[in-house]
Structure formats: C-alpha cells, structure tokens
Amino acid sequence: MKAVLIIFNFLFYPISIFSQVIVVNDKMNIVYFGVDNPIQFSANECDKNKLILIANCGQLRRNGHQYIWKLCGIKYETVIFTCYLKQTNKRKFLGEVEYRIKSAPTPKIIFGSTPEERERRHFGYRSVKLSIIEKGPSLDIENFDFDIRFIIKEYIIEICRKKGDTLRFKNIGQTINTNVMTEIEKLTEGDKIFIKNLIAYNVCEIVERKLFESSCLIL
C-alpha cells in the first residue's frame, strides 16, 4: 500500500503522520480555548481541495486551505483532528492528530499607562488625562498571539491622597462611574489611584476571571 504523508501545522510547529505513525512534540501540540486557532494541513500527492478535516469537538470552519478551530462553552481536555480524502462516492481516511486544549493566560490590568496617556501626562494636560482615566482599566495578555476579548464586570477602585483618607469604591463595568470621577477630579499631583479585585470574563469561558493584583496610576 502506498504511504501518505499528512502534515498538520499549528503556530508554525509541524506535526506529521506517516501512514498510521504519529510523530509529535508533546510541548507543541496545543490549541487554546475561546480563540480562533488556525490549523493548516497538507498531504503529498493529494489535491488540497479534496481534503476534509473533521474535529471531534468545537467549531471548525474552512478558510481556503486553512481551517479555523474554536471551542466555546464546554470544556474538553483534548481535540482530535481527522483528515480524509474525498473520493467519488466515499472518503478515504488519511490520518489524525490530537491536540491538548489550554485556557488563555490570565491577563494583566492596564490602567493609565498607555503611551498616549504617559505623553499627555508629561505635558500636564490634566483634562485630557482625566478623560482617559474615565475610560477605566483595560486587560492585556503579553506575548499571546491570538485576539481574545475580556469583558470587565466589576472592580474595586481606591483613591489615595497624600493628605487625607483613602477612599474605596466598587465600580460596575469598565468605565469609571460619575461619582468616582467627581472624587478623582479633586486629586492633585502625587495622589494615587489603585485598581484591585477586578472580575472579568470571556464570552466563551464558563468561569469568571478574578484578578487580585493591583494596578496603580500616580497623578
């Protein structure tokens, strides 16, 4: 029987199947929960238009000779991709490969530290600075190659004056509410604003993320 070489490629790491033998680096066969994972594959001496890829869980959509795989709502530990060759009245099994499914890393709180905010703070544009603060904190995952949007549900905001008491508020949603902004507008240079105990979620995830690490803005 003629052997067929199947090559799957995810994040530029090759995973190959020669006949029934799988060759894979266990540290590289990973897909992420809740994001669009590109899956590329090919088979020698086979028309790519006749290749069919099937996943045992998640949603798989084709984009040219590439598939995009995404899993939402239901947790699985692994996903198996199976490749077939479409023939006249049937399909021929070519091979399969298994990936581990991981959650995206926990994001970090970003508050008052964008390049635009730093530049305007340097030039003392207080009104512009306050409008940026009003937008509230954002979340970011460093060195993560996928787009993933977290929705901020709530957080604690602490206003610390150099002279005076520390004020503590619970803020619902990302944008800082009007009452808190009224207090922030009273702050002077050297006062601090802390963002703590932030709760966020991704629409695909089942469990909310709780970020206890604080982020601080010094006026």
Side-chain angles (χ1 to χ4, degrees), residues 2-110 138-153 174 198-211:
K2 192 173 183 180
V4 179
L5 176 65
I6 311 296
I7 299 177
F8 292 83
N9 191 347
F10 172 72
L11 284 181
F12 309 108
Y13 300 134
I15 297 175
S16 61
I17 304 172
F18 187 77
S19 187
Q20 300 297 317
V21 180
I22 298 178
V23 181
V24 61
N25 183 335
D26 288 337
K27 294 182 180 180
M28 298 179 181
N29 62 331
I30 294 171
V31 289
Y32 287 95
F33 181 82
V35 303
D36 288 343
N37 296 271
I39 306 294
Q40 298 180 7
F41 66 100
S42 61
N44 65 336
E45 300 182 11
C46 293
D47 184 352
K48 288 186 176 181
N49 294 319
K50 294 183 178 181
L51 294 178
I52 301 171
L53 192 64
I54 295 176
N56 70 326
C57 64
Q59 296 178 340
L60 193 63
R61 67 179 190 273
R62 189 162 190 163
N63 183 16
H65 297 311
Q66 175 179 273
Y67 278 90
I68 302 296
W69 179 83
K70 187 174 184 178
L71 178 64
C72 281
I74 303 175
K75 278 286 189 179
Y76 290 87
E77 293 184 357
T78 62
V79 55
I80 297 175
F81 296 102
T82 306
C83 188
Y84 296 92
L85 176 64
K86 185 178 180 181
Q87 296 180 330
T88 304
N89 296 317
K90 59 181 181 179
R91 60 188 185 186
K92 179 182 178 182
F93 171 79
L94 297 181
E96 65 182 26
V97 65
E98 184 177 42
Y99 285 97
R100 290 181 290 134
I101 303 173
K102 292 184 63 175
S103 296
T106 299
K108 291 184 177 181
I109 301 173
I110 307 297
S138 59
L139 300 177
D140 181 60
I141 302 178
E142 295 180 352
N143 302 317
F144 191 60
D145 296 325
F146 303 95
D147 291 329
I148 182 168
R149 179 171 177 258
F150 288 95
I151 299 172
I152 295 175
K153 182 179 179 180
Q174 180 175 358
L198 187 147
I199 298 177
Y201 63 93
N202 172 266
V203 293
C204 282
E205 293 183 324
I206 303 170
V207 180
E208 295 175 337
R209 303 279 186 122
K210 296 182 179 181
L211 287 71

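- For the side chain to side chain contact (heavy atoms under 4.5 Å, CB included) test, residues two or more places apart in sequence or in another chain that qualify with D140 are I110, E142.
- Shown here are the disulfide (SG to SG under 2.5 Å) partners of C72, two or more places apart in sequence or in another chain: C204.
- Between I52 atom CD1 and Y67 atom OH the span is 7.0 Å, to the nearest 0.5 Å.
- Crowding of Y84 atom OH: a count of heavy atoms from other residues, nucleotides or ligands under 6.0 Å exceeding 12.
- For E205, the side chain to side chain donor-acceptor pair (under 3.5 Å) test picks out R209, with sequence neighbours left out.
- In this structure F144 satisfies the side chain to side chain contact (heavy atoms under 4.5 Å, CB included) test together with Y32, V35, A104, P105, I141, F146, I148, sequence neighbours excluded.
- To the nearest 0.5 Å, the span separating CG on L51 from CG on L85 amounts to 6.0 Å.
- Annotation: side chain of I101 is in contact with side chain of L71 (closest heavy-atom distance under 4.5 Å).
- Using a 4.0 Å cut-off between a side-chain N of Lys or Arg and a carboxylate O of Asp or Glu, R100 and E77 do not qualify as a salt bridge.
- With sequence neighbours excluded, no residue forms a ring-ring contact (aromatic ring centres under 6.0 Å, His included) with Y76.
- Taken to the nearest 0.5 Å, the OG1 atom of T82 stands 9.0 Å off from the CZ atom of R91.
- Here K102 pairs with nothing under the salt bridge (Lys or Arg N to Asp or Glu O under 4.0 Å) rule; sequence neighbours left out.
- Under the 4.5 Å side-chain criterion, counting only non-hydrogen atoms from C-beta, C83 is not in contact with E96.
- Note: L211 CG to I109 CD1 = 5.0 Å, rounded to the nearest 0.5 Å.
- With a 4.5 Å cut-off on side-chain heavy atoms, I68 and L60 do not count as touching.
- For L139 against P107, the heavy-atom pair with the smallest separation is CB-CB, 3.9 Å.
- N37 places a side-chain N or O within 3.5 Å of a backbone atom of W69 that can act as its donor or acceptor partner.
- By the side chain to side chain contact (heavy atoms under 4.5 Å, CB included) test, R149 pairs with I151, sequence neighbours left out.
- By the side chain to side chain donor-acceptor pair (under 3.5 Å) test, K108 is found to be paired with no residue, residues two or more places apart in sequence or in another chain being considered.
- Legend: side chain to side chain donor-acceptor pair (under 3.5 Å) pairs involving residues 51-61, not counting sequence neighbours, sorted by first then second residue: D36-R61.
- The shortest side-chain heavy-atom distance between F81 and I39 falls under the 4.5 Å cut-off.
- The side chain to side chain donor-acceptor pair (under 3.5 Å) check on K86 picks up nothing, with sequence neighbours excluded.
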